[in-house]
J.: 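Below is the structure I would like to discuss, written out as structure tokens.
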Amino acid sequence: MARRCSRATSRFTGNIETHLRKLETSAVLLCLCLLFPSPAEAGLYTASDQILVLTPENVDSVLINSTAAIVVEFYASWCGHCIAFSPVYKRLARDIKEWKPAVDLAAIDCAVEENRKVCTGFGIRGYPSIKFFNAYSKGDSTGQDIKGFPREVQGLRQRIIDKMETHEEPWPPACPPLEPTSQAEIDIFFETNSVEHLALIFEDSKSYIGREVTLDLLQYENVAVRRVQSTEEALVAKLGVTEFPSCYLYYPGGNFTRLKVQIEARAFYSYALQRLPGVVRSGRPRPVPSDLLTNNTEEPWRPFNSSRVYMADLESTLHYSLRMELAAHPVIKGEALTSLKSYVSVLVKYFPGRPMVMNLLKSVDSWLKGQTGAEVSYTVLREILDNSAQVPDTALPEGVRWVGCQGSKPHFRRYPCGVWTLFHVLTIQAKTSGGSEPQEVLGAMRGYVHNFFGCRPCAQHFDAMAQESLTQVNSLSTAALWLWSRHNRVNNRLAGALSEDPHFPKIQWPSPDLCPACHGVKKTGEHSWNLEQVLSFLLSYFSSNSLLTDYLQDESQVLAKQRERHETQQLALRRIERKAREALDSITQPPPSQPTQEEDEEEEEEEEGPEEEEEGAEGAAAAAEMGGKASEPAPWAKPEAEVGRGRRQAQRKPSIVGMRLRDVQEDIVDLDSFVNQHYKAKALRAAASSRVKRRSLQRKEEQEPGPVFGLGMELDVGLGMAGLQPVEPDLGLGMGQQRKRLQKRGLTGQYFGGSEEVEFSQQLYSHRGRWMSVLSIGFSKVDISLCVILYFLSCMCLLAMYLYFKNRLRLRRAKVALP
Ligand SMILES: Cc1cc2nc3c(=O)[nH]c(=O)nc-3n(C[C@H](O)[C@H](O)[C@H](O)COP(=O)(O)OP(=O)(O)OC[C@H]3O[C@@H](n4cnc5c(N)ncnc54)[C@H](O)[C@@H]3O)c2cc1C
Ligand SMILES: *[C@@H]1O[C@H](CO)[C@@H](O)[C@H](O)[C@H]1NC(C)=O
Ligand SMILES: *[C@@H]1O[C@H](CO)[C@@H](O)[C@H](O)[C@H]1NC(C)=O
Ligand SMILES: *[C@@H]1O[C@H](CO)[C@@H](O)[C@H](O)[C@H]1NC(C)=O
């Protein structure tokens with residue numbers, strides 16, 4: 001495809017003049033080729049298929065001197081049979097993943113120019129071809145052809161076993177013996193081997209089960225598997241075996257018991273044997289009994305029923321997702337914003353949460369729905385998440401309390417486990433509550449994972465799976481089953497990985513213990529899932545009725561904690577605000593009588609809520625006027641009158657939030673910017689105060705084009721940005737007109753009703769914001785404040801000099817004029 005793409009573009013570029021349209025198309029094609037790795041680059045397989053992708057660079061290191069035998073598929077990505085075969089080969093790779101140390105799978109795309117030499121070197125003429133390379137192959141080995149190989153997993157697996165059995169010396173060290181055992185070997189087995197369990201699989205001569213299970217367990221310690229043929233009469237008689245196949249556990253001293261499985265088949269033997277006491281994956285620590293886990297983790301261990309789902313995990317997941325993961329994105333825009341919206345809207349629709357949590361999700365949802373601008377700021381979103389408006393009975397508990405998702409070590413399980421669980425629950429809820437859109441939940445999950453899930457490789461893998469088959473999801477049932485089967489695919493890939501908690505091994509879920517009816521075998525003896533049973537199991541396992549509420553944070557405590565935190569925040573905010581004012585006042589207003597008066601004013605303000613200061617009258621009027629038409633209060637906000645004095649300030653913030661169309665950057669009102677605004681506004685006001693204060697007692701209109709506007713312009717010009725000025729109609733208008741415009745567009749919120757200075761500085765900020773975004777300069781707010789002050793001072797200087805020289809000139813003229 002890469003080659004096809006480049007060919008396409010070069011052909012098009014040959015006819016530039018005559019085919020302008022085509023050129024455009026080719027440009028688009030080229031872009032697409034660059035954006036998405038073309039199939040030729042990726043081939044039919046990737047590393048996440050658990051297939052080694054061969055290239056001229058790695059082919060020698062993979063094939064020569066390998067400790068495992070290697071099966072290599074030679075294919076051409078354009079060949080239809082290869083494409084048709086690739087899913088089988090991928091399934092094979094998943095099926096015999098546990099055999100990797102003994103025999104591994106690889107593939108090479110012979111359609112790629114650079115690979116051609118390798119393929120011809122191995123004498124490949126047709127595709128697909130499969131070759132078997134012995135362990136410790138020499139550099140000149142061309143492998144053994146597997147001719148006429150079957151196009152299904154079971155047949156391929158058996159051909160591989162045949163090859164392994166006839167493997168010449170040196171034998172791959174990880175591969176256990178595959179030949180049938182005898183009474184004689186069993187008698188001395190425990191003298192020569194130090195394992196706890198010996199599993200004997202009795203089978204007839206044509207069966208592959210014994211060898212398959214032997215290889216399935218080769219990565220496990222403390223267990224050995226041998227196959228016994230039905231013709232081994234002494235052993236058959238000794239154990240009284242009547243069924244073939246069947247599996248017995250044999251112990252030193254000649255004791256034995258039959259291994260209990262639901263169905264006598266490979267998958268059930270392997271699963272049961274891997275779970276025997278003391279059996280662990282090689283190199284992994286032996287799991288301690290779970291009652292000893294108490295000492296293993298930094299938090300107290302919470303005993304739980306591992307076959308249940310806990311609401312505490314779901315709430316913890318929401319907390320982590322919304323307060324931790326999203327916080328990594330200070331500004332959320334574009335596709336990420338769309339994804340966030342659909343994630344939250346799916347939560348509101350299907351999350352089976354308690355009322356308090358649902359209220360919070362609803363307020364987040366309706367806020368997000370109101371955000372029609374290009375981006376939102378996380379800081380503002382956070383205000384809603386923390387219910388800064390103090391809407392009653394609305395909260396998302398802070399912090400995490402993992403229960404079913406606890407890991408035996410802090411780095412195991414937890415959040416990713418919670419994410420899976422959350423979305424399983426959501427797909428099931430969508431099904432039971434009669435959602436309308438089959439891909440709604442999965443689409444939201446895909447978007448969330450793609451844009452926000454912190455584990456980036458996970459996101460890529462998940463995206464690849466979604467791209468491959470999400471379109472096939474056409475009902476709510478298939479949606480739930482799709483997620484289940486993809487989750488199992490991930491489990492398969494991760495089984496044995498370092499991220500696997502030894503206490504919670506990755507299995508194909510649900511296990512035969514958890515859902516016996518979900519499992520079955522085909523006529524060939526292959527394991528199969530009974531999808532109807534799986535679906536009904538999922539429906540009951542993840543249903544809202546069977547969610548356990550143990551360890552949930554108490555509702556009233558959550559609400560009390562939230563209120564408390566909110567109050568301390570408000571106090572701190574007010575204290576900082578006052579400090580800032582005092583500091584500035586002491587600099588700019590030396591007369592002793594005035595500061596005390598101001599202080600009194602402020603004390604008053606705190607007691608009676610933000611009463612308008614004298615200059616604030618106009619702003620308040622504007623806000624009141626605007627409140628009538630433009631901004632409806634957020635749906636969860638109470639009407640002003642109802643809100644008590646203490647809540648008033650809290651009330652202000654959501655109403656900034658209610659503003660639309662405004663640059664999001666400017667909506668951020670954290671402590672820093674609040675203080676900065678105060679400093680700046682104060683400085684400006686102080687500088688201009690003598691005049692403004694007097695004039696503000698006059699008519700309101702007169703105040704508008706006052707020195708304040710002059711300063712705003714100076715700021716823009718002063719920063720040397722005039723030349724770069726974009727077409728910005730607002731700038732050409734007087735401040736008064738501009739303000740009115742803003743009001744009409746609903747840009748100023750009730751927030752500014754409180755005081756003129758905040759409104760003014762906000763407007764100044766919005767100018768600056770535009771400039772900043774035009775120039776992409778990361779000035780901090782302090783820098784800007786300093787600039788403003790410096791420019792103001794230098795202008796005063798210039799003015800003074802101008803007046804001085806003008807005076808002198810006049811004096812001279814006067815002198816000259818004198819006779
Ligand atoms: C979208 C996504 C992609 C991921 N991709 C990767 C990756 O590429 N690489 C990586 O290292 N980690 C990945 N992870 C993390 C990994 O899948 C596990 O979540 C993590 O290792 C924790 O494992 P766990 O043992 O808690 O079980 P999890 O796999 O997290 O499962 C949680 C619980 O869900 C239940 N469950 C298990 N299987 C199923 C199933 N098939 N259907 C329904 N319920 C099931 C079980 O009760 C299990 O305890 C991904 C996670 C997510 C959410
Ligand atoms: C393969 O391994 C053998 C012994 O370990 C060594 O002598 C030989 O040089 C190796 N060959 C290559 C090509 O690495
Ligand atoms: C934790 O282990 C220590 C010894 O290592 C033991 O004294 C203590 O009782 C254990 N605590 C619990 C809760 O099991
Ligand atoms: C765990 O839950 C299952 C399913 O509800 C139940 O059958 C089982 O008894 C529970 N186990 C414990 C230890 O409570």
Side-chain angles (χ1 to χ4, degrees), residues 46-50 94 284 287 290-291 302-310 313-314 316-317 320-321 325 339 343 402-428 441-467 470 479-511 513-516 518-519 529 531 533-543 545-548 550:
T46 65
S48 71
D49 294 316
Q50 309 180 52
R94 285 199 290 275
R284 309 305 305 280
S290 64
D291 41 309
R302 307 183 181 98
F304 68 99
N305 185 336
S306 58
S307 49
R308 300 295 291 273
V309 181
Y310 287 80
D313 289 321
L314 300 178
S316 300
T317 304
Y320 195 92
S321 152
E325 205 150 62
S339 298
Y343 172 53
W402 303 114
V403 181
C405 282
Q406 278 173 113
S408 64
K409 293 267 165 59
H411 59 277
F412 288 139
R413 310 191 77 221
R414 299 177 177 216
Y415 179 58
C417 168
V419 172
W420 280 120
T421 312
L422 172 66
F423 282 102
H424 285 302
V425 166
L426 293 176
T427 54
I428 293 303
V441 174
L442 295 178
M445 175 180 185
R446 184 185 183 180
Y448 181 82
V449 168
H450 177 79
N451 288 290
F452 302 108
F453 194 46
C455 167
R456 294 326 288 162
C458 300
Q460 280 164 15
H461 288 143
F462 190 76
D463 233 24
M465 290 196 297
Q467 202 167 351
L470 194 57
L481 284 171
W482 186 89
L483 192 59
W484 160 78
S485 75
R486 300 309 122 149
H487 189 175
N488 266 344
R489 203 177 272 192
V490 175
N491 291 343
N492 175 283
R493 178 155 45 80
L494 297 179
L498 275 178
S499 62
E500 181 184 55
D501 190 331
H503 287 272
F504 302 92
K506 301 269 195 294
I507 55 162
Q508 293 302 289
W509 189 94
S511 68
D513 314 323
L514 204 53
C515 176
C518 295
H519 299 265
W529 290 101
L531 292 184
Q533 292 295 330
V534 171
L535 182 62
S536 75
F537 176 79
L538 293 175
L539 282 169
S540 85
Y541 186 86
F542 290 111
S543 92
N545 299 331
S546 47
L547 291 179
L548 294 180
D550 311 33

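Counting from 1, the numbers follow the sequence of the chain as shown. Every heavy atom of this structure was used, including side-chain atoms; hydrogens, water molecules and symmetry mates were not. Both ligands and their constituent atoms are indexed starting at 1 by order of listing. Just so it is clear, the model here is predicted, and its values are computed rather than measured.
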J.: Taking the non-hydrogen atoms of Asp501, is any one of them nearer than 4.0 angstrom to ligand 1?
T.: no
J.: With rounding to the nearest 0.5 Å, note down the distance linking CG in Leu547 to CG in Leu314.
T.: 6.0 Å
J.: Among protein heavy atoms, which sits nearest to atom 10 (C) of ligand 4, and what does the distance come to when rounded to 0.1 Å?
T.: Asn305 ND2, 2.3 Å
J.: For Arg493, is the nearest heavy atom under 4.0 Å from an atom of ligand 1?
T.: yes
J.: Out of Glu500, Arg413, His487, whose heavy atom sits nearest atom 28 (P) of ligand 1?
T.: His487
J.: Got a second to check how far Phe304's CZ is from Trp402's CH2, nearest 0.5 Å?
T.: 13.0 Å
J.: Identify which of Asn491, Leu483, Leu494 has a heavy atom lying nearest to atom 16 (C) of ligand 1.
T.: Leu494
J.: In terms of residue, atom name and distance, what is the protein heavy atom nearest to atom 2 (C) of ligand 1?
T.: Trp420 CZ2, 3.6 Å
J.: Determine whether the side chain, the backbone, both or neither of Val490 has a heavy atom under 4.0 Å from any heavy atom of ligand 1.
T.: side chain
J.: Among all the protein's non-hydrogen atoms, which is closest to atom 13 (C) of ligand 1, and how far away is it?
T.: Cys458 SG, 3.1 Å
J.: Taking 4.0 Å as the limit for heavy-atom contacts, which would you say applies to Arg414 with ligand 1: side chain only, backbone only, both, or neither?
T.: neither
J.: Could you identify the single nearest non-hydrogen protein atom to atom 15 (C) of ligand 1 and state the distance to 0.1 Å?
T.: Pro416 CB, 3.7 Å
J.: In Å and rounded to the nearest 0.5 Å, what is the CZ to OH distance from Phe423 to Tyr448?
T.: 7.5 Å
J.: For Ser307, counting its heavy atoms only, list the atoms of ligand 4 lying under 4.0 Å from any of them.
T.: 1 (C), 2 (O), 3 (C)
J.: In the protein, which heavy atom is nearest to atom 5 (O) of ligand 4, and how far is it?
T.: Arg308 NH1, 3.0 Å
J.: Using a heavy-atom cut-off of under 4.0 Å, does the side chain or the backbone of Tyr415 touch ligand 1, or both, or neither?
T.: neither
J.: Write down the atom of Asp501, the atom of Gly407, and the distance for their closest heavy-atom approach.
T.: OD2-CA, 3.3 Å
J.: Kindly give the heavy-atom pair with the smallest separation between Ser306 and Tyr541, and that separation in Å.
T.: O-OH, 3.8 Å
J.: CG/Leu514 to OG/Ser307 distance, rounded to the nearest 0.5 angstrom?
T.: 5.5 Å
J.: Examine ligand 1 and decide if any of its atoms is less than 4.0 Å from a heavy atom belonging to Lys506.
T.: yes
J.: Working to the nearest 0.5 Å, report the span between CZ of Phe462 and CG of Leu483.
T.: 6.0 Å
J.: Compute the minimum heavy-atom distance from Phe453 to ligand 1 and say whether it is under 4.0 Å.
T.: yes
J.: So between Cys417, Ser306, Cys455, whose heavy atom ends up nearest atom 30 (O) of ligand 1?
T.: Cys417
J.: One pair to check against side chain to side chain contact (heavy atoms under 4.5 Å, CB included): Asn492 and Gln508. What are the steps and the verdict?
T.: CA-CA 7 Å; Asn492 175 283; Gln508 293 302 289; 3.6 Å; yes
J.: Will you find, in the side chains of Ser339 and Asn451, an N or O donor that is under 3.5 Å from an N or O acceptor?
T.: yes
J.: How close do Lys409 and Arg414 get, heavy atom to heavy atom, and via which atoms?
T.: O-NE, 4.5 Å
J.: Could you identify the single nearest non-hydrogen protein atom to atom 8 (O) of ligand 1 and state the distance to 0.1 Å?
T.: His461 ND1, 2.7 Å
J.: Please state which option from Phe504, Phe462, Trp509, Tyr541 has its nearest heavy atom closest to atom 1 (C) of ligand 1.
T.: Phe462
J.: Would Leu426 and Tyr343 satisfy side chain to side chain contact (heavy atoms under 4.5 Å, CB included), going step by step from the backbone distance to the final call?
T.: CA-CA 11 Å; Leu426 293 176; Tyr343 172 53; 5.5 Å; no
